[in-house]
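The block underneath contains the structure these notes are about, expressed in structure tokens.
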Amino acid sequence: MAALLCLLLPSLLALVTAAEVKNCHPQCRCEVESYGLFDSFSLTKVDCSGLGPGYTPMPIPLDTSHLDLSLNSITSITDLMLSGPGYTTLVSLDLSQNRISRVSPKAFTKLRYLETLDLSQNELESLSDACFFGLPLADVDLSDNKFKDFNLDLFTTRGQELPISVDMSNNLLTTVSTNPQTPGPYIKSLVLAENQLTTVPKLAGIPLQYLSLDGNPITTIREGDFKDMKDLIYLSLSGLSELTTIEPNSFRGLKNLQVLDLSNNGKLNTLSPEVCSGLSALQELNLSKSVVVPLPGTIFNQMPSLKSVTLGPNMHCWKTHKQGQFHRQIGQAKANDVLTCDVAGIIL
Ligand SMILES: *[C@@H]1O[C@H](CO)[C@@H](O)[C@H](O)[C@H]1NC(C)=O
């Protein structure tokens with residue numbers, strides 16, 4: 001019986017029915033998707049994108065969970081814009097590709113279920129302290145704006161200290177509703193690519209798993225820049241056109257990091273072996289168009305889990321087992337693994 005249920009359950013959940021939406025604004029496209037055997041679970045998606053200049057806040061259906069306001073030439077977000085009925089239930093909000101340069105400090109406070117916020121491709125130089133305070137935001141995209149610096153005061157009230165680590169093992173909403181004092185933040189993914197950052201922002205104390213700082217004018221990566229970011233799994237530092245130096249031990253502390261993208265850093269031409277120390281879980285390293293080969297062979301001793309290194313568009317190294325080993329192994333590379341490169345002449 002249990003086995004039968006297991007077989008049936010995925011197909012029942014996949015039953016999706018679309019229905020008419022009441023109170024859909026004529027300029028928007030609304031859709032309700034119901035899931036489950038008795039349509040027990042539904043999501044209302046509202047797409048008000050591409051309306052052109054002269055956007056005015058409009059009513060949206062009650063219980064809207066996804067709202068798309070991209071491509072509307074919006075220049076500022078006022079307190080009233082996101083506060084009507086319907087907005088309070090939003091789980092995701094897309095404000096990308098507008099011309100937003102100002103966000104009122106209380107603009108987001110009513111969005112207490114908001115998990116995903118896309119503010120990419122706007123003209124933001126800053127956001128007020130505490131403007132995300134109390135929101136269960138997990139995924140924030142601020143790429144392609146004009147931030148010169150970035151700090152975690154966005155998520156806190158004035159004077160509040162961030163906890164050094166946050167226990168994410170509990171269900172997010174339960175944690176929030178049973179304990180309104182829970183400080184958060186819960187953010188797992190932060191994209192700050194293509195801004196004006198000249199140093200790595202201090203992000204310790206949040207349970208971040210994915211971070212992109214691609215395309216910022218950062219000149220140096222310093223020891224301690226990623227201190228206490230033990231939850232980070234994916235770090236992208238690609239296309240940093242001004243980057244000349246990565247100090248030894250810069251990545252120490254990133255003990256769960258699996259992917260490190262250091263590609264397209266044209267001014268970075270040396271890399272000391274100590275740069276990679278502490279990266280004990282790293283599986284993929286991308287140095288394409290960054291560092292002149294050959295690399296110091298000992299660099300790879302620092303990364304026992306490494307499976308793949310990209311050194312250039314046509315230069316790739318990967319871990320293989322020595323002949324006679326056919327079964328796959330998971331986890332740390334064993335002593336009889338060898339790093340093989342597809343270009344002759346690379347000294348590893
Ligand atoms: C490495 O980076 C280059 C340039 O950004 C990209 O084209 C390539 O797909 C990356 N390779 C891997 C294996 O991720």
Side-chain angles (χ1 to χ4, degrees), residues 120-121 139 141-145 147 188-198 200-201 208-221 225-226 229 231-246 250-251 254-273 275-276 278-297 299-321 328-333 337-348:
S120 64
Q121 297 186 60
D139 199 332
D141 190 342
L142 294 171
S143 58
D144 224 327
N145 275 284
F147 286 92
K188 285 186 174 165
S189 165
L190 179 62
V191 185
L192 283 168
E194 310 298 336
N195 275 284
Q196 302 299 322
L197 303 173
T198 50
V200 174
L208 210 56
Q209 295 178 356
Y210 178 102
L211 173 64
S212 169
L213 295 173
D214 293 356
N216 279 286
I218 295 170
T219 53
T220 307
I221 297 191
D225 272 352
F226 298 99
M229 297 189 68
D231 297 296
L232 207 63
I233 291 171
Y234 189 109
L235 174 60
S236 197
L237 296 168
S238 173
L240 308 181
S241 56
E242 303 304 318
L243 184 71
T244 52
T245 314
I246 303 182
S250 285
F251 302 120
L254 294 174
K255 60 184 171 129
N256 286 306
L257 196 71
Q258 292 178 14
V259 180
L260 176 59
D261 189 343
L262 284 172
S263 64
N264 274 320
N265 295 325
K267 288 192 185 164
L268 182 74
N269 44 35
T270 53
L271 213 53
S272 83
V275 159
C276 296
L279 293 174
S280 55
L282 197 74
Q283 298 188 9
E284 273 183 58
L285 175 63
N286 194 343
L287 290 169
S288 179
K289 299 190 202 152
S290 284
V291 183
V292 285
V293 284
L295 284 167
I299 200 167
F300 298 102
N301 302 345
Q302 313 277 345
M303 301 173 283
S305 307
L306 201 65
K307 296 199 170 110
S308 153
V309 189
T310 308
L311 295 170
N314 302 311
M315 286 185 258
H316 189 229
C317 304
W318 60 93
K319 272 267 164 69
T320 50
H321 300 292
R328 283 221 198 156
Q329 281 164 303
I330 297 165
Q332 270 194 204
D337 287 349
V338 287
L339 202 60
T340 310
C341 297
D342 56 6
V343 197
I346 294 181
I347 299 145
L348 289 171

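Every number for a ligand or one of its atoms is a count from 1 in the order of the listing. Since the model is a prediction, treat every value here as computed from it, not as a measurement.
- At least one side-chain heavy atom of L213 sits under 4.5 Å from a side-chain heavy atom of P201.
- Considering OG of S250 and CG of L237, their distance stands at 9.5 Å, rounded to 0.5 Å.
- Proximity of D139 to Y210: side-chain heavy atoms (C-beta onward) are nowhere separated by under 4.5 Å.
- To the nearest 0.5 Å, atom CD1 of residue I233 and atom CG of residue D231 are 8.0 Å apart.
- One side chain, S263 or S238, offers a donor N or O that lies under 3.5 Å from an acceptor on the other.
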Can you pull every nitrogen or oxygen pair between ligand 1 and the protein closer than 3.5 angstrom?
{"from": "ligand 1", "atom 1": "2 (O)", "to": "S263", "atom 2": "OG", "distance (Å)": "3.2"}
{"from": "ligand 1", "atom 1": "2 (O)", "to": "N286", "atom 2": "OD1", "distance (Å)": "3.4"}
{"from": "ligand 1", "atom 1": "2 (O)", "to": "N286", "atom 2": "ND2", "distance (Å)": "2.4"}
{"from": "ligand 1", "atom 1": "5 (O)", "to": "S263", "atom 2": "OG", "distance (Å)": "2.9"}
{"from": "ligand 1", "atom 1": "5 (O)", "to": "N264", "atom 2": "ND2", "distance (Å)": "3.2"}
{"from": "ligand 1", "atom 1": "11 (N)", "to": "N286", "atom 2": "ND2", "distance (Å)": "2.9"}
{"from": "ligand 1", "atom 1": "14 (O)", "to": "N286", "atom 2": "ND2", "distance (Å)": "3.4"}

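- A side-chain contact (heavy atoms from CB on, under 4.5 Å) with M303 is found for exactly one of L257, L282, L260, namely L282.
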